[in-house]
Student: 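Please see the structure below; I have some questions.
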Amino acid sequence: MQGDLVGVFEYDEAGDPQNATADFYLCKMLSKVVGPIIGTIHIRSGAWSITETDIIVKWDNGERHAGLFIHGQLAAAFDIEAGTRHGGGYGKDFHADIPWSDAN
């Protein structure tokens, strides 16, 4: 989480796995509660065998990018400074050219 922003992953089967959707959101924090969505990256639609342990949401070291990692691979990111979105919509293969820095 950076300042008053947080990255949130949502996978919703909507009662039928074939109609499932997976999205990555950038949200404002209101006190200690997740507030309004300010950005969305659609990750995929349809049935998906995924568990909570397959997902990590974190900030890069410069706290410029909020990133979604699936199975250890960066799948999507919000660039807070530039106001851009990267990745998403890749189905099972996440090989997007997404800016990220783990260097100090």
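The structure displayed is predicted, hence computed values, not measured ones.
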Student: Which pair of non-hydrogen atoms, one from Ser49 and one from Asp54, has the smallest distance, and what is that distance?
Tutor: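 Closest heavy-atom pair between Ser49 and Asp54: O-OD2, 4.5 Å.
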Student: Side-chain contact test, heavy atoms from C-beta onward, threshold under 4.5 Å: evaluate it for Ile37 versus Leu26 and give yes or no.
Tutor: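 Ile37 vs Leu26: side chains apart.
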Student: If you compare all heavy atoms of Lys58 against all heavy atoms of Phe69, which two are closest, and at what distance to 0.1 Å?
Tutor: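 The pair with the smallest heavy-atom distance is CE-CE1, 3.5 Å.
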Student: Determine whether a donor-acceptor pair (N or O, by modelled atom type, separation under 3.5 Å) exists between the side chain of Asp60 and the backbone of His65.
Tutor: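 Confirmed, Asp60 side chain pairs with His65 backbone.
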Student: In Å, rounded to the nearest 0.5 Å, how long is the span from CG of Asp4 to CE of Met29?
Tutor: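 Those atoms lie 9.5 Å apart.
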Student: Could you give me the CA-CA distance, side-chain angles and deciding distance for Leu5 and Phe78, then say whether side chain to side chain contact (heavy atoms under 4.5 Å, CB included) is met?
Tutor: CA-CA 11 Å; Leu5 300 175; Phe78 290 99; over 6 Å; no
Student: Sorted by first residue and then second, give each side chain to side chain donor-acceptor pair (under 3.5 Å) pair with at least one member in residues 27-41; sequence neighbours left out.
Tutor: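 Of all non-adjacent pairs touching residues 27-41, none passes side chain to side chain donor-acceptor pair (under 3.5 Å).
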Student: Show the atom names and distances, to 0.1 Å, of all donor-acceptor pairs under 3.5 Å that link a side chain in residues 6-22 to residues at least two apart or in another chain.
Tutor:
from, atom 1, to, atom 2, distance (Å)
Glu10, OE1, Tyr25, OH, 2.9
Tyr11, OH, Trp48, N, 3.2
Tyr11, OH, Trp48, O, 3.3
Asp12, OD1, Ala14, N, 2.9
Asp16, OD1, Gln18, N, 3.1
Asp16, OD2, Asn19, ND2, 3.4

Student: Do you know the tightest heavy-atom contact between Ala76 and Gly88?
Tutor: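 Looking at all heavy atoms of both residues, the shortest contact is CB-N, 4.1 Å.
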Student: State, with a plain yes or no, whether a side-chain heavy atom of Ile41 is found less than 4.5 Å away from one of Leu68.
Tutor: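 Answer no - side chains too far apart.
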Student: For Ser45, what residues pass the side-chain hydrogen bond (donor to acceptor under 3.5 Å, both in side chains) criterion, not counting sequence neighbours?
Tutor: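 Ser45: side-chain hydrogen bond (donor to acceptor under 3.5 Å, both in side chains) contacts with His42.
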Student: For atom CD1 of Ile38, is the number of surrounding heavy atoms from other residues, nucleotides or ligands below 6.0 Å larger than 12?
Tutor: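 Enclosed: over 12 neighbouring heavy atoms sit under 6.0 Å from CD1 of Ile38.
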Student: What closest approach, in Å, do Cys27 and Val34 show between heavy atoms, and which atom pair accounts for it?
Tutor: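 Taking every non-hydrogen atom into account, CB-CG1, 3.7 Å.
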Student: Any side-chain heavy atom of Ile55 within less than 4.5 Å of one from Phe24?
Tutor: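 With C-beta onward as the side chain, the pair stays apart.
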